Amino acid sequence: MKIVDAKVVVTSPGRNFVTLKLTTDEGLTGLGDATLNGRELAVVSYLTDHVAPLLIGLDPHRVEDTWQSLYRGAYWRRGPVTMAAIAAVDVALWDIKAKAAGLPLYQLLGGASRERIGTYGHANGRDVPELLDSVRARLAEGYPAVRIQSGIPGLKAVYGVTDTDDTGAAVLHQQARPLVEDWDTAAYLRHVPAVFEAVRAEFGAELPLLHDAHHRLTPIQAARLGKDLEPYRPFWLEDCTPAENQEALRLVRRSTTTPLAVGEVFNTVYDYQALITEQLIDYVRSAVTHFGGVTPLRKLFDFAAQYQIRSAIHGPEDISPVGMAAAVHLDLAVHNFGIQEYSGHSPLTDAVFRHAYTFTDGHLHPGEEPGIGVELDEELAAAHPYAAAYLPVNRLHDGTVHDW
Ligand code: EZ4
Ligand code: CO
């Protein structure tokens with residue numbers, strides 16, 4: 001079997017998605033997600049100008065060899081653009097291999113290690129009463145665990161709150177320049193423990209509660225927050241410090257037993273080396289889409305398993321249903337699965353990307369269709385063309401740019 005066509009489809013059914021579609025001489029097709037939120041067209045160019053021409057004529061069964069040749073052959077390794085492009089190729093090849101075998105992808109990854117996949121949903125509110133309503137809404141939808149994000153007194157626009165709607169879905173900013181949000185770490189550190197206290201008081205001790213600090217704290221601030229949240233037993237504190245500095249988490253780890261989750265902006269296993277071998281974290285959060293595909297993410301999970309660290313694949317709306325499907329197959333197969341982030345997509349997005357995976361009673365299952373189980377409606381995709389959109393930037397009250 002040979003690859004005869006490699007096509008990149010950009011569509012915006014409410015937000016931008018980049019999809020690679022490979023076709024073989026036997027008529028099999030494979031899909032891969034290459035969406036890099038806010039920098040989509042850089043990956044489109046990487047794929048169409050530099051990768052697609054190399055794929056024509058290759059045997060699609062050679063997944064590992066193709067991955068290695070794209071990773072090592074570029075010489076310029078790593079980085080989100082490169083790894084999103086390689087991820088799309090990797091997933092499209094796995095999709096073809098599984099279709100050729102007549103099996104859902106999870107069977108090729110070792111088969112099911114569980115019956116279904118536990119998720120967490122997003123609850124958010126501008127203030128505590130609104131957040132409590134949002135938690136109630138997620139529980140009514142069946143979510144077994146909830147991420148809680150709240151507005152901060154004195155701040156106008158805050159991550160996870162003002163940029164989400166009341167279903168917890170992220171709202172897209174389709175504009176030529178990024179939205180500016182504001183930030184005050186001291187106000188945040190004062191407020192978050194009170195938010196946890198209110199949610200525990202309303203919903204009890206058992207509900208798993210997560211929180212995302214979105215890379216905004218210094219190590220000592222993160223340590224403080226971890227300690228302050230301990231009485232409320234969070235399921236995890238996510239991305240407490242900027243991701244570039246692995247050493248920061250040594251200080252956080254020494255100071256708190258609050259579990260730590262990291263990795264949505266990581267691209268390779270090297271970003272995790274110290275974090276895993278020194279047991280500084282509890283969950284690895286990379287997405288198939290940004291980590292080079294199923295091939296390296298499986299290796300990461302096996303590495304993490306040696307240190308009792310679990311998977312928690314990043315699952316925001318900017319991961320397309322193609323990337324989500326790949327995640328759900330991996331979640332079902334790996335032994336050290338932890339939890340899957342899931343908000344679902346809009347009905348229009350689900351129409352562009354018809355998928356076999358299902359979400360029932362707060363749990364995902366990849367379904368039994370051969371491959372990853374996603375079909376792209378190219379006509380509908382073309383009816384919703386790319387629209388420039390940016391993630392927000394964050395500024396302190398004096399105008400200084402802060403980590404978003
Ligand atoms: O801000 O995917 O845990 N989820 C997150 C996401 C990220 C977006 C950025 O594109 O932190 O909401
Ligand atoms: Co996050």
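Predicted model only: the values in this text are computed from it and were never measured. In listed order, ligands and their atoms are each counted from 1.
Side-chain atoms of Gln246 come within 3.5 Å of backbone N or O of Asp271 as a donor-acceptor pair. A side-chain donor-acceptor contact under 3.5 Å links Thr277 to the backbone of Gln273. For Asp361 (side chain) and His363 (main-chain N/O), no donor-acceptor pair under 3.5 Å exists by modelled atom type.
Between Arg147 and ligand 1 there is a heavy-atom distance shorter than 4.0 Å. At a 4.0 Å cut-off, not a single heavy atom of Tyr120 sits close enough to ligand 1 to count as contact.
Each of Tyr120, Tyr188, Tyr159 was compared with His211 under the ring-ring contact (aromatic ring centres under 6.0 Å, His included) criterion, and only Tyr188 meets it. The residue from Phe353, Tyr357, Phe359 that alone fulfils the ring-ring contact (aromatic ring centres under 6.0 Å, His included) condition with His355 is Tyr357.
Geometrically, ligand 1 and His122 share no nitrogen or oxygen pair separated by less than 3.5 Å. At least one N/O-N/O distance between Arg285 and ligand 1 falls below 3.5 Å. By the 3.5 Å distance cut-off applied to N or O atoms, His314 is counted among the residues near ligand 1.
Between the side chains of Asp90 and Thr295, at least one donor-acceptor pair of N or O atoms lies under 3.5 Å. No side-chain donor from either of Thr268 and Tyr71 sits under 3.5 Å from a side-chain acceptor of the other.
Around the Co ion (ligand 2), protein atoms of type N, O or S found under 2.8 Å number 3.
With ligand atoms numbered from 1 in the order given, ligand 1 contributes 1 (O) to contacts under 4.0 Å with heavy atoms of Trp404.
The single protein non-hydrogen atom nearest to atom 8 (C) of ligand 1 is Asp318 OD1, 3.5 Å, given as residue, atom name and distance.
Atom CG of Leu209 sits about 4.0 Å away from atom CZ of Arg200, to the nearest 0.5 Å.
Checked against side chain to side chain contact (heavy atoms under 4.5 Å, CB included), Pro242 has the following partners two or more places apart in sequence or in another chain: Glu244, Asp403.
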